[in-house]
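Shown next, in structure tokens, is the structure this report addresses.
One is the number of the first residue; the rest follow in order along the sequence. Computed from heavy atoms alone, side chains included, the values below leave out hydrogens, waters and symmetry copies.
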Amino acid sequence: MTPPKALYPGTFDPITFGHLDIIERAQALFEEVVVGVAAQSTKTPLFPLAERVRLVEEAVASFSRPVPVLPFHALTVQFAKERGIHAIIRGLRAVSDFEFEFQLALMNRKIAPTIETVFLMPRDSFIYLSSSLVKEISRLGGSVSCFVPKTVEEALHKKLLSGFSG
């Protein structure tokens, strides 16, 4: 039996082809994958929450199965519980991600023992990709078309022209 729902949380600032690959992989394992766009973060997002949600919605619009995209302001496990979700998807790109993700998964398990964390790796061609690198390349005038959907590339370009104001 395919588990019903999973949550793929993140700041998605911005969403990349690596994120989209993880969503596709998760859809093969779960009946429904909800993308949760986190409002609160230790990071300072380039894009405001509503714009990050919109960019994710546009990026998943062509998927064969619907992908609900929801903003959230709570703890990830609380957000999952409120929606009857019992699995949290986390992407692992490299060994350097593992320590943080492992610590986060154990903390989440302590807070919400009924919610499991499932780690997925993107395909090899996206293993090095991060939103931070995409933003840096874009800031320095490089093309990011091979890393993000066209709408994201356009939003990054527009943000650069506006001087990064949120």
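- Checking S143 against S145 by side-chain atom types alone, a donor-acceptor pair falls below 3.5 Å.
- Side chain of R65 to backbone of E31: a donor-acceptor contact under 3.5 angstrom is found.
- Proximity of a side-chain donor or acceptor of S131 to a complementary backbone N or O of P14 within less than 3.5 Å is detected.
- Between F126 and F17, the angle of the ring planes lies from 30° to 60°, which puts this pair in the tilted group.
- Using a distance-only test at 3.5 Å, with no hydrogens or angles considered, a donor-acceptor pair links the side chain of R93 to the main chain of L129.
- Note on ring orientation: taking the six-membered ring where Trp is involved, the planes of F12 and Y8 are perpendicular (angle over 60°, cut-offs 30° and 60°).
- In this structure, the side chain of D97 does not engage the main chain of L92 through any donor-acceptor pair within 3.5 Å.
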Stepwise salt bridge (charged side-chain N to carboxylate O under 4.0 Å, His left out) test for D13 and K135: CA-CA 9 Å; D13 185 46; K135 287 184 286 194; 2.9 Å; yes

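- Looking only at distances, no side-chain donor or acceptor of R90 sits under 3.5 Å from a matching main-chain atom of E101.
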Verdict with supporting geometry, L156 and V144, side chain to side chain contact (heavy atoms under 4.5 Å, CB included): CA-CA 9 Å; L156 280 165; V144 293; 4.0 Å; yes

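- Contact check on K150 versus E154 returns a salt bridge, with a Lys/Arg side-chain nitrogen under 4.0 Å from an Asp/Glu carboxylate oxygen.
- Side chain of K5 to main chain of R83: a donor-acceptor pair is present (N/O by atom type, distance under 3.5 Å, no hydrogens or angles).
- With sequence neighbours excluded, the residues that form a salt bridge (charged side-chain N to carboxylate O under 4.0 Å, His left out) with E58 are R54.
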